[in-house]
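These notes are about the structure you will find just below.
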Amino acid sequence: MSELNRQLELLLRGAVEVVPMAELESKLARSIQEARPLRVKAGFDPTAPDLHLGHTVLIHKLKHFQELGHQVIFLIGDFTGLIGDPTGRSETRPPLTKEQIRLNAETYERQIFKILDREKTVVEFNSRWMSPMRAEEMIHLAAHTSVARMLEREDFHTRYHENRPISLHEFLYPLVQGYDSVVVKSDVEVGGTDQKFNLLVGRELQKVWNQAEQVVMTLPLLEGTDGVRKMSKSFGNAIGIQDSPKEMFGKLMSIPDSSLPHYYEYASGLRADQVRAVLEEFVPKDPREAKAKLAEHIVSLYHGPRSANQARQEFDRIFRSKGLPDEVETVELSRSEWD
């Protein structure tokens with residue numbers, strides 16, 4: 001297998017769409033030939049103090065890029081967080097204060113290195129270039145799109161036709177996210193399927209600024225513990241990566257069996273052959289044990305094997321022996337034997 005095909009095989013794993021696919025292939029080929037890593041961007045708004053497993057779908061993909069030698073830019077949207085991402089919203093988000101954003105952003109920096117390689121990750125804050133931006137510069141940025149273009153977004157389109165209010169500042173969100181790509185000169189941007197519009201704005205603005213346009217890679221939205229809606233703190237169906245081992249294990253055991261393939265594929269960080277073996281052999285025979293192994297593995301990723309083992313023992317004792325739980329100690333140890 002050629003180096004190009006090896007990279008494509010890993011990077012396309014789990015991806016929903018790549019726009020345009022031919023450009024990803026050419027960027028990778030040039031990167032290999034010139035020994036120049038691609039700059040791969042993903043943005044996260046610190047609107048809550050902790051990341052959840054839904055966020056880790058993107059973070060695991062960033063890890064794939066790192067494993068292949070590429071440069072990851074983890075962009076914390078402390079400026080866009082003040083606007084509020086309108087994606088999928090039926091109404092305007094309530095604004096957060098700068099202090100709330102700052103405190104949440106601090107926790108993100110601690111959490112991402114549970115997965116990413118610190119030495120291969122650049123952490124950026126988009127307030128660095130957006131806060132000093134003058135009014136005339138913002139006007140210049142806004143001049144590169146139209147109201148009609150913004151109303152092509154499904155959520156804006158729906159709200160407009162249902163006579164629900166759309167605040168003018170919400171139109172700025174895709175523009176600022178797109179301008180981030182201009183500033184960091186991203187070659188690839190990854191995001192959830194619901195972010196496609198925003199990611200494509202980045203391509204449009206890079207073209208205006210005479211840059212090579214980024215490739216857009218969308219990834220699936222992991223469903224929450226209800227097995228229906230996407231994982232979200234606001235839906236009450238999220239599993240936070242800072243949840244205690246006991247809480248995390250219990251929430252994972254509560255997911256419906258139908259969600260097991262998605263959690264194994266997108267949230268476990270296991271290799272493709274390991275996931276395939278589990279889904280083909282283990283899940284059909286003993287879905288409960290497959291779920292327990294998944295829960296133990298994911299808890300181990302974020303809290304260490306000892307805490308994961310204790311969480312499983314306690315869960316089994318409560319639900320099989322009906323015993324009373326003890327406090328589970330959180331211990332930072334190495335990753336599980338599956339890694």
Side-chain angles (χ1 to χ4, degrees), residues 2-15 18 23-46 50-51 53-78 105-126 128-129 177 180-192 195 199 202 206 211-212 214-219 241-242 266-272 274 298 300-304 332-336 338-339:
S2 70
E3 176 60 16
L4 175 60
N5 288 335
R6 184 182 78 87
Q7 293 203 21
L8 284 170
E9 182 178 50
L10 179 60
L11 297 178
L12 295 179
R13 176 186 167 191
V18 176
E23 283 189 20
L24 177 62
E25 294 178 359
S26 64
K27 282 179 183 284
L28 286 173
R30 189 162 54 250
S31 168
I32 295 166
Q33 182 179 10
E34 299 174 359
R36 180 188 65 83
L38 298 180
R39 294 173 61 80
V40 184
K41 166 201 170 194
F44 298 81
D45 285 354
D50 56 344
L51 297 168
L53 292 186
H55 295 121
T56 70
V57 176
L58 296 184
I59 299 173
H60 281 298
K61 183 54 62 181
L62 294 178
K63 180 66 172 177
H64 289 164
F65 277 98
Q66 284 189 335
E67 290 172 354
L68 296 171
H70 300 294
Q71 177 73 70
V72 162
I73 302 165
F74 188 94
L75 194 144
I76 297 178
D78 56 336
E106 288 177 358
T107 70
Y108 281 25
E109 286 192 271
R110 292 196 301 269
Q111 295 170 68
I112 61 173
F113 297 119
K114 300 277 189 178
I115 299 174
L116 296 179
D117 184 332
R118 187 183 298 269
E119 299 301 318
K120 299 178 181 177
T121 305
V122 174
V123 178
E124 281 282 14
F125 294 80
N126 62 3
R128 183 170 68 83
W129 49 85
Q177 181 174 334
D180 292 343
S181 295
V182 173
V183 174
V184 303
K185 296 181 171 62
S186 63
D187 294 303
V188 180
E189 183 170 12
V190 300
Q195 290 288 317
L199 305 180
Q206 284 179 311
Q211 291 183 9
Q214 67 184 14
V215 169
V216 166
M217 178 180 289
T218 62
L219 296 166
I241 67 174
Q242 291 197 126
Y266 305 127
S268 71
L270 294 172
R271 298 192 312 268
Q274 294 172 317
I298 290 180
S300 181
L301 282 177
Y302 303 109
H303 295 288
E332 290 292 339
L333 295 173
S334 60
R335 288 189 170 193
S336 80
W338 264 347
D339 289 327

For the pair V215 and D187, evaluate side chain to side chain contact (heavy atoms under 4.5 Å, CB included) and give the outcome as yes or no after the intermediate values. CA-CA 6 Å; V215 169; D187 294 303; over 6 Å; no

Side chain to side chain contact (heavy atoms under 4.5 Å, CB included) assessment of V123 paired with I112: CA-CA 10 Å; V123 178; I112 61 173; 4.1 Å; yes

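- If you take CG on L8 and CG on L24, they are separated by 6.0 Å, rounding to the nearest 0.5 Å.
- With respect to E9 and R6, no salt bridge is recorded, no charged nitrogen being found less than 4.0 Å from a carboxylate O.
- Remark: the H60 side chain and the K63 side chain contain no N/O donor-acceptor pair separated by less than 3.5 Å.
- Scanning both residues, L62 and A42, for their nearest heavy atoms gives CD1-CB, 3.8 Å.
- In this structure, the side chain of D45 does not engage the main chain of I76 through any donor-acceptor pair within 3.5 Å.
- Across every non-hydrogen atom of A272 and R13, the tightest pair is N-NH1, 3.2 Å.
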Chi angles and distances behind the side chain to side chain contact (heavy atoms under 4.5 Å, CB included) call for I241, D50: CA-CA 7 Å; I241 67 174; D50 56 344; 5.8 Å; no

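- Inter-residue side-chain proximity for V182 and W129 is flagged as unmet; no heavy-atom pair is nearer than 4.5 Å.
- Atom CD of E34 is surrounded by more than 12 heavy atoms from other residues, nucleotides or ligands within 6.0 Å.
- Listed for the Q274 side chain is a donor-acceptor partner under 3.5 Å among the backbone atoms of R271.
- Between the side chain of R39 and the main chain of I73, no donor-acceptor pair closer than 3.5 Å is present.
- In this structure, A105 and F125 approach most closely via the heavy-atom pair CB-CE2, 3.9 Å.
- The distance from the CD atom of Q33 to the CG atom of L4 is 11.5 Å, given to the nearest 0.5 Å.
- Here the CD-CD1 distance, from Q7 to I32, works out to 4.0 Å after rounding to the nearest 0.5 Å.
- Nearest heavy atom pair, residue P37 against residue G69, reads CB-O, 3.2 Å.
- For Q214 (side chain) and L199 (main-chain N/O), a donor-acceptor pair under 3.5 Å exists by modelled atom type.
- For the atom pair NE2 (H70) and NZ (K27), the distance works out to 11.5 Å, reported to the nearest 0.5 Å.
- Considering NZ of K41 and CZ of F65, their distance stands at 13.5 Å, rounded to 0.5 Å.
- Checked by atom type and distance alone, the side chain of Q71 pairs as donor or acceptor with a backbone atom of K120 at under 3.5 Å.
- In this structure F74 satisfies the ring-ring contact (aromatic ring centres under 6.0 Å, His included) test together with F44, sequence neighbours excluded.
- Using modelled atom types, no side-chain atom of H64 and backbone atom of L11 make a donor-acceptor pair closer than 3.5 Å.
- Side-chain atoms of Q66 do not come within 3.5 Å of backbone N or O of V72 as any donor-acceptor pair.
- With a 4.5 Å cut-off on side-chain heavy atoms, Q211 and S181 do not count as touching.
- Under the 3.5 Å distance criterion, the side-chain polar atoms of Q111 are matched with a main-chain donor or acceptor of L51.
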Might you work through the side chain to side chain contact (heavy atoms under 4.5 Å, CB included) test for Y302 and I115, ending with a clear yes or no? CA-CA 9 Å; Y302 303 109; I115 299 174; 3.3 Å; yes

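- In this structure, CD in Q195 is found 5.0 Å from CD in Q177, a value given to the nearest 0.5 Å.
- L58 and G192 make their closest contact through CD2-N, 3.9 Å (heavy atoms, listed as atom of the first residue, atom of the second, distance).
- Checking side-chain atoms of S31 against main-chain N and O of R36 turns up a donor-acceptor pair under 3.5 Å.
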